[in-house]
Amino acid sequence: MAEIIDGKAISSQIKEEAKLEAAELSKKNITPCLAVVLVGDDPASQVYVRNKKKACEFCGIRSLSYELSADTSEAELLTLIDKLNADKDCNGILVQLPLPKHIDENKVLLRILPEKDVDGFHPYNVGLLSIGKASLKACTPAGCIELIKRSGVDITGKNCVVVGRSNIVGKPVGMLLLSENGTVTTCHSKTRDIGGICRNADILIAAVGIPKFIKEDMVKEGVVVIDVGINRGADNKLTGDVDFENVSKKASYITPVPGGVGPMTIAMLMKNCIIACKAQNNIE
Ligand code: NAD
C-alpha cells in the first residue's frame, strides 16, 4: 500500500517558509506585493482568486485585486498590465485564466514583464526553464517537483513518464524533471502503447484531464505517482487522472485528489512572489 503524499501539509510548509521570508523582507521595509487580475465572473476563477488573496494575507504579501467586467476590452486589460508593470511597488502580476474569448490570452501573457511573471508562463521564463536557469517556474509543475523531493524521493536517474504535453503542466514538468536528472518520456494523445511506456516509469506524472485514466495495469510495483488531474463529476466530486483506489495498491507514493497537487499551486505562487520581490530589490 502506497504512502500518501500530503499536499496540504507540504503546501503549508512552503507557505510558512514564504511567510518567514516576507517577515525578513519587512525588516528592510519591503513588502512583497502581488496584483491579481480577474476578468469576468467565472465562479471557479473567483474561488481561485479568493484563495490566492487568502494565501497572500497568510504569508504577509500585499495583494492588489482587479476584478474587471466580462466586457473589458483587450486594450483596457493591456493598459492595466502596463500600469502594473510600471508600478515599482508591485512585484508580481497574475492574470487569472481563462480570459473571455474576445481577449487574446497570449498577447496578455506576453505583455507582463518577465520579472513580474509569477505564473511562469511568459516565453522568456519558459525559455529559461528549458535551459535549467529559471527562477520563476510555472507553479503547478514546480509544485509536483516539491511533492516528490519533500517525500524523500531522489529523481536522479529515474525513469520519469509524464502523461500530457500542455504548456502549463506537461511540458514544464518534463523540463523540471530533466533538470533534476530524471530520464523523461512525455506521452500525449497520439502516443502509441501508453500502458507499456507507463509501466516502465519509476515516477509517473498524470496531467491528462481524463478521470481515472491511469489504471492499475499501467503501473509497476513501487512507482511514485503524482496526479495533477482535477476532474469534476456530475455529482460535483473531484476525481484525479489516476484510479487512486487501485493504483495506490501498487505505488510506493501517491498523491490524492483533492489534497495532493491542488494546494501546491498557490503555495508555489507565494514562493514566486517572494523570489520576484527579492530579485527586484537586488536581494540574494
Ligand atoms: P490540457 O487539456 O491542456 O492537456 C491535456 C494533455 O493530455 C494534452 O497534452 C493531451 O495530448 C493529453 N491527452 C489527452 N487525451 C489523452 C489520451 N487519451 N492519452 C494520452 N494523452 C492524452 O490539460 P492541462 O491544462 O495540462 O491539465 C491537465 C489536468 O490537470 C486537468 O485535469 C486540469 O484540470 C489539471 N490541472 C490541475 C492544476 C492544479 O493546480 N492541480 C493545474 C493545472 C491543471
Side-chain angles (χ1 to χ4, degrees), residues 5-12 14-15 36 42-52 54-55 94-99 105-106 109 118-121 126 129 137-148 160-177 184-201 204-215 217-219 225-234 236-244 254-272:
I5 300 178
D6 186 345
K8 263 196 194 161
I10 296 176
S11 69
S12 294
I14 292 171
K15 281 188 281 185
V36 181
D42 175 52
S45 293
Q46 283 170 334
V47 174
Y48 292 141
V49 164
R50 206 176 318 133
N51 290 339
K52 285 168 188 173
K54 259 206 284 193
L94 182 145
V95 178
Q96 185 64 45
L97 302 178
L99 288 168
E105 234 164 62
N106 238 354
L109 297 181
V118 283
D119 254 339
F121 290 160
V126 176
L129 192 73
K137 300 170 189 160
C139 300
T140 303
C144 294
I145 303 296
E146 288 294 324
L147 288 173
I148 298 169
C160 304
V161 174
V162 180
V163 189
R165 60 168 163 185
S166 73
N167 289 338
I168 62 165
V169 189
K171 278 183 205 155
V173 87
M175 287 193 284
L176 287 172
L177 289 163
V184 182
T185 308
T186 300
C187 300
H188 48 80
S189 53
K190 304 280 188 285
T191 300
R192 290 185 209 146
D193 188 22
I194 291 200
I197 296 170
C198 289
R199 273 190 293 279
N200 195 30
L204 179 64
I205 314 264
V208 200
I210 300 176
K212 299 189 182 177
F213 181 84
I214 303 291
K215 305 269 191 296
D217 64 357
M218 294 168 72
V219 299
V225 179
I226 305 292
D227 187 352
V228 186
I230 302 180
N231 308 291
R232 202 173 280 283
N236 223 22
K237 235 185 110 192
L238 292 184
T239 314
D241 288 349
V242 176
D243 178 359
F244 181 88
I254 190 166
T255 60
V257 177
V261 176
M264 293 299 290
T265 303
I266 291 186
M268 299 312 288
L269 173 69
M270 297 300 107
K271 199 173 165 193
N272 274 351

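Whatever order the structure lists ligands and atoms in, that order sets their numbers, starting from 1. Everything numeric here is computed off the predicted structure, so don't read it as measured data.
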Taking all non-hydrogen atoms of both residues into account, name the closest pair between Val162 and Gly174 and its distance.
-> CG2-CA, 4.2 Å
Numbered atoms of ligand 1 (with element) below 4.0 Å of Ile194, judged on heavy atoms = 19 (N), 20 (C)
Identified side chain to side chain contact (heavy atoms under 4.5 Å, CB included) counterpart of Met175 within the set Thr186, Val184, Val126 | Val126
Smallest separation among heavy atoms of Ala55 and Ile266, with atom names | CB-CG2, 3.4 Å
What do we get for Val208 next to ligand 1 when only non-hydrogen atoms under 4.0 Å count, side chain, backbone, both or neither?
-> both
Smallest heavy-atom separation, Leu177 atom then Cys160 atom, equals CD1-CB, 3.9 Å
Which residue and heavy atom of the protein sit nearest atom 32 (O) of ligand 1, plus the separation | Ile230 N, 3.0 Å
Count the heavy atoms belonging to other residues, nucleotides or ligands that lie under 6.0 Å from NZ of Lys137, then report whether that count exceeds 12.
-> no
How far is atom 19 (N) of ligand 1 from its nearest protein heavy atom, and which residue and atom name does that atom have?
-> Phe213 CZ, 3.3 Å
List every atom of ligand 1 that sits less than 4.0 Å from any heavy atom of Ile210, numbering the atoms from 1 in the order shown and giving each element.
-> 15 (N), 18 (N)
Considering non-hydrogen atoms only, spot the tightest contact between Met268 and Ile14 and give its length.
-> SD-CD1, 3.9 Å
Might you point out which heavy atoms bring Thr239 and Val257 nearest each other, and give the distance in Å?
-> C-CG1, 3.9 Å
Go through Leu97 and Leu109 one step at a time and tell me if the side chain to side chain contact (heavy atoms under 4.5 Å, CB included) criterion holds.
-> CA-CA 10 Å; Leu97 302 178; Leu109 297 181; 4.3 Å; yes
min-distance protein heavy atom vs atom 10 (C) of ligand 1 -> Ser189 N, 4.1 Å
For ligand 1, indicate whether the residue Thr265 contacts it via side chain, backbone, both or neither (heavy-atom separation under 4.0 Å).
-> side chain
Nearest non-hydrogen partners of Val95 and Asp119, listed with the distance | O-OD2, 4.2 Å
Non-hydrogen atom of Gly170 closer than 4.0 Å to ligand 1 | no
re atom 8 (C) of ligand 1, the protein heavy-atom contact at minimum distance is Arg165 N, 3.9 Å
Which of the listed options, Ile205, Thr140, Val228, holds the heavy atom that is closest to atom 30 (O) of ligand 1?
-> Val228
Using heavy atoms and a threshold below 4.0 Å, how should the contact between Ile168 and ligand 1 be classified: side chain, backbone, both, or neither?
-> side chain
So is Val261 in contact with ligand 1, going by heavy-atom distances below 4.0 Å?
-> yes
The atoms of ligand 1 lying under 4.0 Å from a heavy atom of Val169, numbered in the order shown, are 26 (O), 43 (C), 44 (C)
Counting only N and O atoms by type, is there a donor-acceptor contact under 3.5 Å from the side chain of Asp241 to the main-chain atoms of Asp227?
-> no
Of the choices Cys187, Gly209, Gly164, which has the non-hydrogen atom that lies closest to atom 6 (C) of ligand 1?
-> Gly164
Check each of Cys198, Ser166, Gly240 against atom 26 (O) of ligand 1 and report the one with the nearest heavy atom.
-> Ser166
Give a yes or no on this: more than 12 heavy atoms of other residues, nucleotides or ligands lie within 6.0 Å of atom NZ of Lys215.
-> yes
If you count the atoms of ligand 1 from 1 in the order shown, which ones are under 4.0 Å from a heavy atom of Asn231?
-> 32 (O)
For ligand 1, which atoms have a heavy atom of Gly262 less than 4.0 angstrom away?
-> 41 (N)
